[in-house]
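Side-chain atoms are counted along with the backbone in the values below, which use heavy atoms only and exclude waters and symmetry mates.
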Amino acid sequence: MKKINSINYGGKVIGVGLIIMFVIPGMLMLINTILKHEAIWLISRVSFIIGAFILICFTMHLFIELYQDKKIEKYYSKHRNVKIKLNDGKYECGACGSRNISSNDTFCNTCGCRYELTEDKKPQEILNDSEKESHATVNEK
């Protein structure tokens, strides 16, 4: 599962959705009371539908991101005193996230965390393994 990251643009998308969903149709309805034209009424309805679509899609996006964050936090809480091997052959501290770790370090130079062991699997592989284990325990019951 690829990580979705909506930091710094979530509020902007909600704002745009609310403007398209409520502000623009409201202004068009006010204009329509003066001009009484069918096209203005239709445009206000289309604007409301587009705004609702934006808000629904963003809400789904946000729920997916929150689910992923929950799974990643679960992984990292179990691997605080572990060196995590990254894709490029480097290591990351499980406690602070520092990437200034070599393969023979026994502690983190940034936070001072002493490593109990080295995790050779990548976080995504371990998350997949934990999901398989949870499915297996459910099936056994």
Side-chain angles (χ1 to χ4, degrees), residues 1-105 107-141:
M1 176 180 347
K2 185 174 178 178
K3 174 74 173 107
I4 296 174
N5 193 0
S6 65
I7 295 175
N8 297 326
Y9 70 85
K12 294 174 187 172
V13 173
I14 289 175
V16 168
L18 290 173
I19 288 171
I20 294 173
M21 188 172 178
F22 293 114
V23 176
I24 294 174
M27 290 175 25
L28 289 173
M29 288 295 194
L30 289 174
I31 293 171
N32 193 31
T33 58
I34 298 168
L35 300 177
K36 302 207 191 283
H37 198 277
E38 187 70 25
I40 296 175
W41 181 83
L42 182 64
I43 292 170
S44 70
R45 295 293 177 217
V46 169
S47 176
F48 180 82
I49 291 169
I50 291 171
F53 180 74
I54 289 171
L55 289 177
I56 289 169
C57 289
F58 182 72
T59 301
M60 289 179 6
H61 177 87
L62 185 61
F63 283 135
I64 291 169
E65 181 181 358
L66 291 173
Y67 173 77
Q68 289 176 334
D69 288 346
K70 180 181 172 184
K71 296 294 267 183
I72 290 171
E73 176 60 30
K74 185 178 179 181
Y75 167 78
Y76 279 107
S77 67
K78 291 181 180 179
H79 294 85
R80 293 273 184 225
N81 297 331
V82 176
K83 282 193 298 188
I84 302 167
K85 188 171 185 173
L86 301 175
N87 289 335
D88 56 1
K90 296 180 181 178
Y91 290 85
E92 178 178 309
C93 176
C96 70
S98 172
R99 294 188 176 199
N100 297 328
I101 310 295
S102 67
S103 61
N104 56 359
D105 284 344
F107 67 94
C108 177
N109 293 330
T110 306
C111 68
C113 173
R114 295 229 175 259
Y115 300 121
E116 295 172 359
L117 57 107
T118 299
E119 185 63 63
D120 289 332
K121 292 184 177 181
K122 296 178 185 78
Q124 297 83 2
E125 295 171 353
I126 292 173
L127 283 175
N128 291 337
D129 290 346
S130 66
E131 287 176 3
K132 290 176 188 174
E133 290 172 9
S134 64
H135 290 301
T137 57
V138 169
N139 291 337
E140 291 172 0
K141 294 179 182 179

Exercise for review: Would you check if the side chain of Lys83 reaches a backbone N or O of Asp105 as a donor-acceptor pair within less than 3.5 Å?
Suggested key: yes
Practice item. Report the distance from atom OH of Tyr91 to atom CG of Asn100, rounding to the nearest 0.5 Å. Key: 15.0 Å
Check your understanding: If you measure from OG on Ser44 to CD1 on Ile49, what distance do you get to the nearest 0.5 Å?
Key -> 9.5 Å
Exercise for review: Report yes or no: does Ser47 contribute a side-chain atom to a donor-acceptor pair with the main-chain N or O of Ile43 at less than 3.5 Å?
Suggested key: no
Review point. Can you name the nearest heavy-atom pair linking Ile54 to Gly17, along with the distance?
Key: CG2-CA, 4.0 Å
Practice item. Quick one: pull up NZ in Lys74 and NZ in Lys71 and give me the separation to the nearest 0.5 Å. Key: 5.0 Å
Review point. So which heavy atom on Leu55 is nearest to which on Thr59, and how close?
Key: O-OG1, 2.7 Å
Exercise for review: Could you tell me whether the side chain of Met60 reaches within less than 4.5 Å of the side chain of Phe63, counting heavy atoms only?
Suggested key: no
Check your understanding: Do you know the tightest heavy-atom contact between Met21 and Phe48?
Key -> O-CD1, 3.1 Å
Revision key, fill the gap. Nearest heavy-atom approach of Ile31 to Ile40 is CG2-CD1, 3.8 Å
Check your understanding: If you measure from NE2 on His61 to CG on Leu66, what distance do you get to the nearest 0.5 Å?
Key -> 9.5 Å
Point to revise | Where Phe107 and Gly112 come nearest, the two heavy atoms and their spacing | key: CB-O, 4.5 Å
Review point. In Å, rounded to the nearest 0.5 Å, how long is the span from CD1 of Ile101 to CD of Glu92?
Key: 9.0 Å
Check your understanding: Taking all atoms of both residues into account, what is the closest heavy-atom pair of Cys96 and Thr110, and its distance?
Key -> SG-CB, 4.1 Å
Point to revise | For Met27, the option from Ile24, Val23, Leu30 that meets side chain to side chain contact (heavy atoms under 4.5 Å, CB included) | key: Val23
